[in-house]
Amino acid sequence: MTMRERILAVIQGRPHDRVPFVQYTGLAAPNEDVWAHVGRHRVGILQWTSVHRVDTPNCRLEHEDLHLDGRRIRRSTLVTPEGSLIEERGFEEAYGSSSVCRHFVRTPDHYRILNAYLRDGIVRDNYDAYRQVDAALGDDGLPLPAVERSPYQQLWVQWVGLLDLSMHLADCPEVVEETIAILTGRARRIFDIVAASPAPYIDVPDNITAPPIGLDRFERYAVPLYRELAGRMGG
């Protein structure tokens, strides 16, 4: 079996000749360097991609890179017709990964601005970009197409942060639920594109950890969308 066939067999639960060892493209080291050390037939590649894109004709993101106390910080400003929100991310040097120091949404009033951005989003297919990645990988691996995180995960990871989101759910649940409804509708528009796409599988990048979401919120905000997407993919 080729690495491509082997990886897909594992994902789809089919028989395979051996368990594939894979890396995200270029994460630990450039693919060619890894293959030179261990052999091309021993390491497969997964490359993040997407079968959709979201255009926001009336909103934009502006980025500014800063250095504070020797650390690289990226300040991102989300500009919408309803106002602007600011996020700050700190980067580490080894892999260039980042973590949020300041989330976009910090007060209940900020949801109004976030909602303006989310409502502005036009979901379109991105099949050509997916096919280009697929063709470039050949027998060495597979594209790893992803949808967005489910609404609760998206809010606490990307937009609000766990502490503030928990407080907002307690103090003004109707405000949070409005945003969750918008995100759910957007997820379903993405699912329509996924269902008609050439991708044989799809990733939901939730990285669920039990304590932050809890059983009630997991069953309410995540499970129904997982089941809906699986059904549309023929699962």
Side-chain angles (χ1 to χ4, degrees), residues 50-66 68 73-91 98-126 146-194 204-209 211-229:
S50 180
V51 294
H52 80 279
R53 73 177 197 270
V54 180
D55 297 332
T56 51
N58 302 299
C59 302
R60 67 184 186 277
L61 268 172
E62 299 174 348
H63 302 292
E64 178 185 10
D65 287 329
L66 311 167
L68 301 174
I73 303 291
R74 169 162 289 187
R75 179 175 295 156
S76 299
T77 303
L78 178 62
V79 182
T80 84
E82 293 292 327
S84 298
L85 300 172
I86 294 175
E87 176 199 72
E88 291 182 350
R89 285 184 167 270
F91 288 79
S98 66
S99 59
V100 179
C101 312
R102 171 184 176 181
H103 281 87
F104 285 108
V105 174
R106 297 181 304 285
T107 70
D109 188 56
H110 286 166
Y111 287 90
R112 173 180 52 82
I113 303 174
L114 174 60
N115 291 348
Y117 166 74
L118 295 174
R119 289 192 175 105
D120 191 46
I122 302 171
V123 181
R124 307 183 191 276
D125 75 67
N126 202 29
V147 295
E148 295 182 340
R149 292 182 175 97
S150 57
Y152 180 84
Q153 286 294 107
Q154 192 172 152
L155 284 177
W156 89 256
V157 174
Q158 296 174 226
W159 299 109
V160 189
L162 186 57
L163 178 59
D164 282 342
L165 179 59
S166 299
M167 295 175 65
H168 298 160
L169 278 168
D171 296 340
C172 51
E174 71 285 351
V175 173
V176 180
E177 290 293 345
E178 181 182 4
T179 302
I180 286 175
I182 297 170
L183 286 168
T184 299
R186 174 163 152 152
R188 290 187 168 126
R189 293 196 298 276
I190 293 172
F191 292 174
D192 289 339
I193 288 172
V194 167
V204 182
D206 269 356
N207 288 349
I208 289 287
T209 302
I213 191 168
L215 181 60
D216 290 345
R217 290 186 293 273
F218 179 67
E219 291 181 338
R220 180 174 182 179
Y221 299 125
V223 171
L225 287 176
Y226 294 166
R227 288 175 173 161
E228 183 174 336
L229 179 57

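In this text, all values refer to a predicted model and were calculated from it rather than measured experimentally.
Judged by distance alone, the side chains of Asn115 and Thr179 do bring a donor and an acceptor atom under 3.5 Å apart. Side-chain contact check for Ser150 and Asp206: at least one donor-acceptor pair (N or O, by modelled atom type) lies under 3.5 Å.
Other residues, nucleotides and ligands contribute only 12 or fewer heavy atoms inside 6.0 Å of the CZ atom of Arg227. Heavy-atom neighbours of Asp55 CG from other residues, nucleotides or ligands within 6.0 Å: above the threshold of 12.
Contact annotation: the side chain of Val79 approaches that of Arg60 to within less than 4.5 Å [non-hydrogen atoms, C-beta and beyond]. Annotation: side chain of Leu78 is not in contact with side chain of Glu87 (no heavy-atom distance under 4.5 Å). A 4.5 Å side-chain heavy-atom check between Trp156 and Ile213 finds every atom pair outside the cut-off. Side-chain contact between Phe104 and His110: absent, with no pair of heavy atoms (C-beta onward) separated by less than 4.5 Å.
Of the possible polar contacts, one joining the Asp120 side chain to the Asn58 backbone as a donor-acceptor pair under 3.5 Å is found. Here the side chain of Arg75 pairs no donor or acceptor atom with the backbone of Leu66 at under 3.5 angstrom.
For the pair Arg119 and Glu178, the salt-bridge criterion is met [side-chain N within less than 4.0 Å of a carboxylate O].
For His168, the ring-ring contact (aromatic ring centres under 6.0 Å, His included) test picks out Tyr111, with sequence neighbours left out. Taking the side chain to side chain donor-acceptor pair (under 3.5 Å) definition, one finds that Arg186 meets it with Glu148, sequence neighbours left out.
Applying the salt bridge (charged side-chain N to carboxylate O under 4.0 Å, His left out) test to every pair with at least one member in residues 155-171, sequence neighbours left out, gives no pairs at all.
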